[in-house]
Chemist: 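Here it is, the structure, as structure tokens.
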Amino acid sequence: MSVESVFPALEPLLPRVSKPVQYIGGELNSTVKDWDEARVRWALMYPDAYEVGLPNQGVMILYELLNEQPDVLAERAYAVWPDLEDLMREHRVPSFTVDGHRPLHAFDVIGVSFATELGYTNLLTALDLAGIPLRAADRTDEHPIVIAGGHAAFNPEPIADFVDAAVLGDGEQAVLDITEVLRRGKPSRAEVLRRLAETDGVYVPSLYDVTYRPDGRIDAVTPNDPRAPRRVVKRTTTDLDEWPYPKQPLVPLAETVHERMSVEIFRGCTRGCRFCQAGMITRPVRERSLAGIGEMVERGLGASGFTEVGLLSLSSADHSEIAEITKGLADRYEGTNTTLSLPSTRVDAFNIDLANELSRNGRRSGLTFAPEGGSERIRRVINKMVSEDDLIRTVSAAFAQGWRQVKLYFMCGLPTETDEDVLEIASMAHRVIKAGREASGRNDVRCTISIGGFVPKPHTPFQWASQADPGTIDGRLRKLRAAINSDRRLGRNVGMRYHDGEPSLIEGLLSRGDRRVGRVIERVWRDGGRFDGWREHFSYQRWVEAASQELAPYGVDLGWFTTRERFQDEVMPWDHLDSGLDPDWLWDDWQDALAAREQDDCRWTPCFDCGVCPATGTDIQVGPSGTALIPITPVTASGG
Ligand code: SF4
């Protein structure tokens, strides 16, 4: 049955809202397929604003992959800002996709990709505006299946009441398998959910019961249906070259956070930074070949007209053939207006050659490094092996070669951290300015330090850690600012950007929370919570009040979920969700962290048995791939 576009009702509202262009769709490489010819219809939602959601690679990959299937249709949806939400309520316009402006409730599946837990309230807005019951238990055969994905899906328990299923790990094969389940028909909602539970990597929360102990801790999470597995193992795409997506990158109509085409040059990371959930849950390392990258860049630039190529991964300079990739691409696009960028960089001498290669066609604006911890000791705790001397050597070389600005990323509130660890950030920044002035012979070099509050995440060695309270973090950052400014001559060239500790604490509640936290999310949303990842919309007070009211009946509170250190034998809300990491290895790594002992990277040293390779039936895949960048003909300015 055909579905009407909501655009005629939406269009008159658009002149009354900010940035209306974000709601109209029709971007280059977007797709609107025939509704009636599709057997399975997906709405892919990114629960944040268009400007953040459109460049999201995960959504772009799945959108293209699904639309390539002849009998499948996929459209995108983003969160609407509160100004449009109010008008949609007033004029009874339901949640819609930006492609066909079809109502969300008409789709078979709504796939929601959560990069951060602070998007949970936006999911509730979308469901409510769509007329879909917030709670999965209240949905009928007529309603879409709501599936969560993305990194936050590795602990979907706080949203267990609102989603029908969650996908763990890489989505490429999982979405095709889910599509196949729906192609087989929908005998009943309950049967579809059971079939989904039998699909690798798919977790159906309603098929599991959680019991609690009198002290508030979880006693057990057990399947309540014989067709639900005891543990759900994440999906792992083994050969990235077989999945060269996106081939046709979407080109935004409105301004977005990134306006470039991105190629994921490898997935996974084994550096072992203990705070990094992305690094832990995406293991093992799987590199895309040189030839594969070259083809994707060429095809993507041709299809999109972008002039910047981002070489993405968790630590792009670690690709075993990064020198060949950057030199090859810089040669190929020499003299054109195409520039390369490498969002995450490594601190060593090689980096400067790489940076020079990357800036061949572009500006030398700034170099970014992430020491993450201020002192050598805390960097051993977090396993980020960067020595201050190496950093100073690297920035000196950069300033000597014409770079003028260095950005340094840090975290505050790390396990075992003291004021002194944080204050060392000031002396590091001062040394950077001194070294920069000496190397460049100029006074106007700059160092910007950017500091975020640390949030302990599931499936990391810090999952047992106590999170620092906002007062401690804010106090340390005040002392740090004073220390930076204690030497005016150096301090005036140091910029400091930081987030206060309150949003981090709420992110901590949502990251390590269990099903009881769902009531807090719903209360916050009912009290007006929207866009919690945005400082201007976030209200700490709203979360604190909702947590105190909704958690009290269970005998737990905000601090219980955040600042409390966990026991080794404690059942974590996500223990039945298998990221491949061996729990004993994680615990040992936590003990190593407390003793400030480092762990090497298994790419360059023997396997240290984190458990991922045997659990996921794969292995680390690093080059050299034995392939070449083709075609090797340089693109001329007129041809490029
Ligand atoms: S199992 Fe071994 S080789 Fe594989 S990611 Fe873990 S430590 Fe590395």
Side-chain angles (χ1 to χ4, degrees), residues 151 153-155 168-174 200-201 231-243 264-289 312-322 344 346 348 370 372 379-386 456-464 568 572 574-626:
H151 290 175
F154 275 85
N155 177 26
L168 270 64
D170 298 331
E172 288 95 342
Q173 282 150 317
D200 289 346
R231 290 172 70 76
V232 180
V233 182
K234 74 167 181 182
R235 294 301 288 262
T236 302
T237 299
T238 48
D239 185 350
L240 286 200
D241 281 327
E242 283 180 10
W243 303 90
E264 186 185 24
I265 63 173
F266 68 87
R267 200 172 282 181
C269 181
T270 43
R271 285 210 156 236
C273 302
R274 294 180 172 124
F275 54 84
C276 180
Q277 187 192 39
M280 293 288 166
I281 61 177
T282 60
R283 289 177 178 202
V285 170
R286 292 142 288 152
E287 288 187 350
R288 202 183 287 283
S289 72
L312 292 193
S313 73
L314 291 172
S315 172
S316 291
D318 281 337
H319 191 292
S320 61
E321 294 179 298
I322 192 66
S344 50
R346 202 172 73 185
D348 58 25
E372 309 286 4
R379 289 196 295 276
R380 280 201 305 276
V381 170
I382 62 176
N383 206 40
K384 184 94 192 190
M385 290 170 279
V386 177
K457 294 279 181 171
H459 305 277
T460 71
F462 289 163
Q463 65 180 4
W464 288 278
Q568 181 179 10
M572 299 293 195
W574 52 89
D575 273 355
H576 55 302
L577 305 177
D578 192 345
S579 59
L581 295 161
D582 176 353
D584 291 337
W585 177 81
L586 273 180
W587 177 262
D588 289 346
D589 206 41
W590 170 224
Q591 299 311 299
D592 284 347
L594 293 173
R597 272 195 299 267
E598 297 161 352
Q599 169 71 65
D600 285 335
D601 186 327
C602 63
R603 270 173 293 188
W604 346 110
T605 60
C607 166
F608 46 78
D609 293 326
C610 79
V612 165
C613 291
T616 53
T618 179
D619 205 349
I620 51 171
Q621 299 163 19
V622 293
S625 58

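Numbering of ligands and ligand atoms starts at 1, following listing order.
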Chemist: Give the ring-plane orientation class for His319 versus Phe266, where under 30° counts as parallel, over 60° as perpendicular and anything between as tilted.
Modeler: tilted
Chemist: Under a 4.0 angstrom heavy-atom cut-off, which atoms of ligand 1 come close to Cys613?
Modeler: 1 (S), 3 (S), 4 (Fe), 5 (S)
Chemist: Which ligand 1 atoms, with their elements, are less than 4.0 angstrom from a heavy-atom of Cys602?
Modeler: 3 (S), 5 (S), 7 (S), 8 (Fe)
Chemist: Among all the protein's non-hydrogen atoms, which is closest to atom 2 (Fe) of ligand 1, and how far away is it?
Modeler: Cys607 SG, 2.4 Å
Chemist: Do Thr270 and Asp601 meet the criterion of a side-chain donor-acceptor pair at a distance under 3.5 Å?
Modeler: yes
Chemist: Under 30°, 30 to 60°, or over 60°: which ring-plane class applies to His459 and Phe154, parallel, tilted or perpendicular?
Modeler: perpendicular
Chemist: Find the distance between CG (Asp600) and CG (Asn383) and round it off to the nearest 0.5 Å.
Modeler: 8.0 Å
Chemist: Of the backbone and side-chain N, O or S atoms of Cys610, does one lie nearer to atom 2 (Fe) of ligand 1 than 2.8 Å?
Modeler: no
